[in-house]
Amino acid sequence: MEISLDTILRTFQTEAEEHLDSLEEALVALEARPRDAELLQAAFRSAHTIKGAARCVELEQVAAFAHRVEDAFERLRDGGRTLDAPTASLLLEAVDALRQMIGSAVDGEELAVPESQASIDRWLAGEALAPAPAGPEPEPEAEKEAARQVSALDRRARTLRVDIDKLDRMLDLMGEVAVARGRLGGLLDSGAGPSQLRDAHRDADRFYLDLQELLMKARMVPLSTAFKPHVRTVRDLAVAQGKQVRLVIEGGEVEVDNAIIEGLRDPLTHLVRNAVDHGLETPQVRQAKGKNPVGTVTLAARREGGRILIEVWDDGAGLDRERIAARARKTGVCENPERLSEEELSRLILLPGFTTSEKVTEVSGRGVGMDVVSRNVQALHGSLAIDSKPGHGTRFIVGVPLTLAIVDGFTVGAADETYVLPIESVVECIELPRSQSEQGRSTGVLSLRGEPLPYLRLRDFFGLTGPRDGRESVVVIRHGEGRAGLAVDALYGEGQTVIKPLAGLFRRVPGVSGSALLGNGRVALILDIPNLMRAALAAEDEALADAAAPSSSTAVPTLTQPNEALAQEEK
């Protein structure tokens, strides 16, 4: 059997990355507990494993440098030296150097001796280390190394370790599916009756669903793989800015689709960096406010229905709404920001180029980070909510589906087209009042048990021209804390739908997030709830403006109308 050297090196790189992550995590923890023998032993084992694996694939320079790192941990473990802040910074630089060397070796590039090797040699010889300067300016090599780390993470995101028992079960189910297909084919050829065919199809369908569920579970990975890299991010940023910060991770055992993990990496990075940079105050300021000088950034995850909620929050100063309003007014984003609700004002920070920073730094100031967060969360068919309390901190709540491969959907029809709504967004279905239906408006507001509900007609939103049947229904959808309605021609019910990606030509079509192949061979579009909600709320504003106009002759229920008037409109 021919063995590819490139495959072996890529496997080595994937496993080495896992050990480097463990080494990095142990080092950050050792800063708080420098005498923790278990942590020191874990770090020593990781360095030793990397050295041995590098020698197995004949990367002698990598093995030699890993050996020096191993010597440093042995000195710490034996009590010859103590892990202080400068030593931790040096060893973290060594981890970065190992990561860079391994990446260069796998890519076939020439390896250079890391600068940190000489420093480790001097430290092993007994020399003291000078404290690292705070807030260094980024160097071209540092930027290149950061890009290399991102590339390594991308490669890792495309590999998964699957338990052998799961693979064995998949193989068994594949055999069962093959047998069921053969039985069904034999019955068709023999002209069997409907009941026999129905039973055979039911058996085949059961095996297929079991295999589908097992495949989905194989793609699931714990969120800790996305959370743990931020231990280093928080530590380095706090050191650079002279702040004291601890990172708390909760719910790391919650599992999601690996594709979700990949899509969350950039948003989480920006949210965590912003929490340390913008949210948390310096120790002196925190003490003056009566707070603990050590700030806290929390990464928490929990499962809620068919979605995962991820919270990133800090106990810092909270959003400065006055500065946000002033910036919005100055840039022309909003002429009257004082009229916005707290949620609407907070969401201004998600706009491209919007920033309240006075100067551009290595970490922030260009108004790009939060725009990346918003766009990436939308790409995952997710939601983003902001909750900030002045003086107590800011909380970002990211809601994402468990998987991007299959969606539990509610299928509706408009004109001759079929659409799928994510089932977790559907609240209920009601009949559109005859008075609203006869008006034929594209948008409007109707009363739902005395509460105003903005809605839009799906056929008009997409410009469909098919025949109208006369009777219309409204699907009440929820996104975050808001509700809106979609007026449709037909309700087809719920079911599981396999998501197919859209071609590049259709990816920017508003209100659409994907497609699905139906049982009759037709293609249905999966609707983008956040975009549809924004369109419905804009429709509500338009309806309210029409109702307030003096020339308006049509009574439209408004948010300020008495409940009695809304009830009359509903009748």
Side-chain angles (χ1 to χ4, degrees), residues 1-4 6-8 10-12 14-15 18 155-225 253-263 303 305-308 381 400-411 420 422-424 492-502 514-524 526:
M1 180 178 64
E2 184 178 351
I3 300 176
S4 168
D6 182 67
T7 301
I8 295 175
R10 295 292 177 188
T11 303
F12 160 71
T14 300
E15 294 183 353
E18 293 176 2
R155 282 194 293 269
R156 289 177 59 199
R158 308 212 69 80
T159 61
L160 277 176
R161 289 189 176 185
V162 181
D163 188 86
I164 191 67
D165 291 336
K166 288 184 179 179
L167 290 177
D168 289 342
R169 178 57 181 154
M170 288 180 200
L171 190 60
D172 291 342
L173 285 173
M174 283 298 298
E176 298 284 4
V177 170
V179 171
R181 285 185 61 195
R183 178 191 172 199
L184 187 58
L187 290 173
L188 287 171
D189 292 339
S190 64
S195 61
Q196 290 179 293
L197 291 174
R198 191 181 302 110
D199 290 342
H201 177 268
R202 188 180 296 115
D203 289 340
D205 196 48
R206 177 166 54 85
F207 292 131
Y208 161 75
L209 291 175
D210 287 346
L211 181 59
Q212 182 188 76
E213 182 181 0
L214 198 57
L215 283 170
M216 295 307 304
K217 287 182 178 178
R219 290 177 56 91
M220 305 292 270
V221 293
L223 271 167
S224 58
T225 59
E253 72 282 358
V254 176
E255 292 188 337
V256 296
D257 193 308
N258 189 55
I260 297 289
I261 295 283
E262 187 177 352
R303 185 166 176 172
R307 295 175 70 78
I308 296 294
H381 312 150
V400 292
L402 281 171
T403 176
L404 294 179
I406 294 178
V407 61
D408 288 323
F410 186 79
T411 308
V420 178
I423 194 67
E424 68 270 8
Y492 298 131
E494 62 179 285
Q496 280 196 333
T497 302
V498 179
I499 300 175
K500 300 292 184 182
L502 289 169
S515 62
L517 191 62
L518 301 176
N520 59 9
R522 297 195 63 183
V523 174
I526 300 172

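In what follows, residues are counted from 1 in the order of the sequence shown.
The minimum heavy-atom distance between Val420 and Ala524, with the atom names listed, is CG2-CB, 4.1 Å. Phe410 approaches Glu494 most closely through the heavy-atom pair CD1-N, 4.0 Å. When every heavy atom of Met220 is checked against every heavy atom of Glu255, the shortest pair comes out as CE-O, 3.6 Å. In terms of heavy-atom proximity, Lys166 sits nearest to Lys217 at NZ-O, 3.6 Å. Across Leu187 and Ala200, no two heavy atoms sit closer than the pair CD1-CB, 3.6 Å. The nearest pair of heavy atoms linking Leu223 to Ile261 is CD2-CD1, 3.6 Å.
Salt bridge status for Asp205 with Arg202: absent, with no side-chain N to carboxylate O gap under 4.0 Å. Classification of Arg169 and Asp165 as a salt-bridged pair fails, no side-chain N sitting under 4.0 Å from a carboxylate O.
Atom CZ of Phe12 sits about 10.5 Å away from atom OG1 of Thr14, to the nearest 0.5 Å. In this structure, Tyr208 OH and Arg181 CZ are separated by 13.0 Å, a value rounded to the nearest 0.5 Å. With values rounded to the nearest 0.5 angstrom, Gln196 atom CD is found 8.0 Å from Arg183 atom CZ. Distance check, rounded to the nearest 0.5 Å: CE of Met174 to CG of Leu211 gives 6.5 Å. How far CD of Glu18 is from OG1 of Thr225: 10.0 Å, rounded to the nearest 0.5 Å. For the atom pair CG of Leu173 and CG of Leu215, the computed distance is 9.0 Å after rounding to the nearest 0.5 Å.
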